[in-house]
Amino acid sequence: MSSPLHFLTLKRFHEGLLNKEFSALEMAQEHFTYIESRDPEIGAYLALHRDEAMRQAEAADLAVAQDKEMSALAGAPLAIKDNILIEGTRTTSAAQILKDYIANYDASVITKLKKAGAVFLGKTNMDEFAMGSSTENSSFQKTKNPHSTAHVPGGSSGGSAAAVAAHMAVASLGSDTGGSIRQPAAFCGVVGLKPTYGSVSRSGLMAMASSLDQIGPFAKTVEDAAILYNEIKGYDPLDATSDPRADADVSKALLNPTLGQIKKLRVGIPEEYFIDGLDPRVRTKVEEAIGVLKSLGVEVKPVSLPHTKYALSCYYIVMPAEVSSNLERFDGIRYGTRHPADTLLELYKKDRESGFGPETKRRILLGTFVLSSGYYDAYYAKAQKVRRLIAQDFDEAFKQVDVLVTPVTPTPAFRIGEKMSDPLSMYLSDIFTIPVNLAGLPAVSIPAKGFVDADGASLPVGFQLIGRRWGEADILGLGQYYEKAVQ
Ligand code: GLN
């Protein structure tokens, strides 16, 4: 074996495991050894589950030895964002108020992955309650970009992206409410998929904004992301917004699409995503990627999504409204650390004052304001109408094309500390990812070939493929062909 085990893709690991070239235990051990040497510098993990991981790896090896039928995930060492519950383990959403919270059930995605025989290496760092774009809002630690430790890994799933980029997990799970999978994937040079709303169960995902949140995979290749997505998707009665179509073949990602299937795809370039604020280095990389898609023989044409310019404002009304109501449960009584107090109000104040960081408080205040009587119609009700218009733009575009290509972020990864004192400029880093969540669509962030020079560092850039609802097969199929073409 020429390269170390922890460099393997999910696909290659699975083949090698079945061929008995190595064991799942060796794979897990090698990951932990590497994490020990590399993670002190990166800070991707909040907790490691070594003992349990070893047991899971042994179980996978036993199944191989007994020639049992194996899932594509058997023995695969994964990292899990710390807002996804794993029974019996600390799950904090990187928030002080949950620093001692032990999950008492498995998220539905974890149940599925346990059945598939996956190995959970540990929990990854994130922005507190998934609010942020740099992982700097974690109340525990900062995660660094594996390509340059002076730069952020993106957020909010920065730990999950960095773990895969630094080969400290073969793949990982994150959550995406406004870009939290795709943006860190782009900053760290890995693949990140935000699936169709309703395709992956949210049961056991700590809710940020329930109408926008989706769990999805980070992986080293598009094919690996497709493998992991196929395992975690599916209808779940425990999630009221889960969609029965998630069990149908229509929602399956194709693992070996033919060139004939790919060539049939019509690709649209939305002009509103190639604006003046787009960094020229990012623009060039995305244009190069479009050139590669053209060379595959797909038809490429311009389209328009005219309400794009309202998406960020719309999101910053809908999202905090839902945040303010979802975070009510963290009151020190039902959840969270309880402080001694004489009255109920004093109790709430003490628990929430010390338990939430500044960004969480900012959004609770914003959300409470936009929902308050007298302002509800002016803000929340209006934002819901705008949300509909944004979704309709996509419906119109998907009458002409099957896939849209856009940048993921306006710039490459920024420096640690650069945007912390300016929330608005931080919010702007999600301008190209947010419309997809508002419309409930699937989208994947794929590393464009090569790197760009960014203040002394060489950093990756991602491009985004957006599909129609249940169009995972289209975007992941085209993505797999892109990868083959640039290899
Ligand atoms: N960065 C965006 C925000 O701060 C998106 C967060 C997310 O997708 N969880 O809201």
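Every number for a ligand or one of its atoms is a count from 1 in the order of the listing. For the single chain, residues carry numbers from 1 onward in sequence order.
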[X]: numbered ligand 1 atoms lying under 4.0 Å from its heavy atoms:
X	value
Ala130	6 (C), 7 (C), 9 (N)
Tyr315	2 (C), 3 (C), 5 (C), 6 (C), 10 (O)
Met208	9 (N), 10 (O)
Asp430	1 (N), 2 (C)

May I ask you to check if ligand 1 and [X] share an N or O to N or O distance below 3.5 Å?
X	answer
Gly178	yes
Ser175	no
Gly155	no
Asp176	no

**Asked** Relative to each other, are the rings of Phe369 and Tyr375 parallel, tilted or perpendicular (30° and 60° limits)?
**Response**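 The arrangement is tilted - the two ring planes meet at 30° to 60°.
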
**Request:** Check if Tyr316 has a non-hydrogen atom at a distance under 4.0 Å from any atom of ligand 1.
**Result:**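 A heavy atom of Tyr316 does come that close to ligand 1.
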
**Request:** State yes or no: are the ring centers of Phe129 and Phe330 separated by less than 6.0 Å?
**Result:**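 Ring-ring flag for Phe129/Phe330: true, centres closer than 6.0 Å.
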
Should [X] and [Y] count as an ion pair when the cut-off is N to O under 4.0 Å?
X	Y	value
Arg182	Asp176	yes
Lys382	Asp377	no
Lys142	Glu136	no

**Item:** Winner among Glu359, Arg363, Gln183, Lys194 once heavy atoms are compared against atom 4 (O) of ligand 1
**Value:**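 Looking at heavy atoms only, Arg363 sits closest to atom 4 (O) of ligand 1.
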
**Prompt:** Of the choices Gly174, Pro320, Ser180, Gly154, which has the non-hydrogen atom that lies closest to atom 7 (C) of ligand 1?
**Reply:**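 Ranked by closest heavy atom to atom 7 (C) of ligand 1, first place is Ser180.
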
Return yes when atom [atom1] of [X] has more than 12 non-hydrogen atoms of other residues, nucleotides or ligands closer than 6.0 Å, and no otherwise.
X	atom1	result
Tyr310	OH	no
Lys252	NZ	no
Lys361	NZ	yes

**Request:** Report the part of Ser156 in contact with ligand 1, treating N, CA, C, O as backbone and CB onward as side chain, heavy atoms under 4.0 Å; options are side chain, backbone, both, neither.
**Result:**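 Side chain only; the backbone of Ser156 stays clear of ligand 1.
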
